[in-house]
Amino acid sequence: MPVGDAAEATATLKVTLKEWSVTPEQSTIPAGKINIFADNQGDEPHEIVIVRADDPKTLPTIKDGGMDEEALGEDKIVGEIEAFPAKSTCNGVFDLTPGTYVLLCNVVEKEANGEIHDHFFFGMAATITVA
Ligand SMILES: [Cu+2]
């Protein structure tokens, strides 16, 4: 489900999602109401969680449970584009003030064969600078 009103956005940041990467088209974007336009080119549903952080490696995690949103704290979580299907797009408008943000996918899924796909652990995160 799209978040916010794209017509009010001051800039757009296209982000490509697939197994197992999050790839923003630009690494720096001007502060304002940013329309994050997510393109899921993968074969599984993905999402984007936007957190205030400098480096994905510093974020708390749960074993086989992705990034620990509770441990990180609600105040660090800016917003989220919830999981949406493969081969589709979704977007969200978020008010981003200057700073460093991590865009990550926090989907964790148990496959039919029992394997756990922890998307954040598998590398689905990227850092952007809002200037
Ligand atoms: Cu994902």
Side-chain angles (χ1 to χ4, degrees):
M1 287 280 287
V3 181
D5 183 0
E8 286 180 6
T10 53
T12 295
L13 177 65
K14 192 183 170 203
V15 180
T16 302
L17 305 172
K18 61 179 183 184
E19 300 80 40
W20 306 103
S21 62
V22 173
T23 311
E25 205 168 49
Q26 303 144 248
S27 57
T28 302
I29 189 138
K33 287 187 194 303
I34 309 303
N35 179 29
I36 296 186
F37 183 82
D39 184 3
N40 183 354
Q41 295 180 358
D43 297 316
E44 295 192 18
H46 294 294
E47 65 178 10
I48 296 181
V49 183
I50 301 137
V51 304
R52 252 192 184 278
D54 292 332
D55 185 345
K57 291 187 192 77
T58 63
L59 296 173
T61 57
I62 304 167
K63 187 173 160 37
D64 293 335
M67 195 271 286
D68 189 341
E69 298 186 21
E70 213 168 294
L72 179 70
E74 227 173 68
D75 57 317
K76 297 265 175 55
I77 298 173
V78 176
E80 181 175 353
I81 298 170
E82 283 180 26
F84 63 99
K87 314 298 182 211
S88 71
T89 62
C90 193
N91 78 293
V93 180
F94 305 96
D95 217 332
L96 301 185
T97 55
T100 311
Y101 297 81
V102 172
L103 310 179
L104 66 101
C105 176
N106 214 20
V107 168
V108 177
E109 246 176 338
K110 196 169 186 181
E111 301 299 299
N113 64 6
E115 215 176 272
I116 289 172
H117 284 180
D118 178 333
H119 295 204
F120 176 68
F121 182 73
F122 285 177
M124 290 196 71
T127 305
I128 60 163
T129 302
V130 175

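Computed from a prediction, not measured in an experiment: that's the story for all the values here. Indexing begins at 1, ligand by ligand and atom by atom, following the structure's order.
The side-chain hydrogen bond (donor to acceptor under 3.5 Å, both in side chains) test with His117 singles out one residue from Glu109, Glu44, Glu19, and that residue is Glu44.
Checking Cys105 against the Cu ion (ligand 1), an N/O/S atom falls under the 2.8 Å cut-off.
The nearest N/O/S atom of His46 to the Cu ion (ligand 1) is ND1.
Sorted by first and then second residue, the ring-ring contact (aromatic ring centres under 6.0 Å, His included) pairs with a member in residues 33-53 read His46-His119; sequence neighbours excluded.
Between the SD atom of Met124 and the ND1 atom of His119, the angle centred on the Cu ion (ligand 1) amounts to 100° when rounded to 10°.
Residues Val108 make up the rest of the hydrophobic cluster containing Ile116, defined by ILVMFWY side-chain heavy atoms closer than 4.5 Å, directly or through other members.
Judged purely by atom type and a 3.5 angstrom limit, Asn106 uses its side chain to pair as donor or acceptor with the backbone of Met67.
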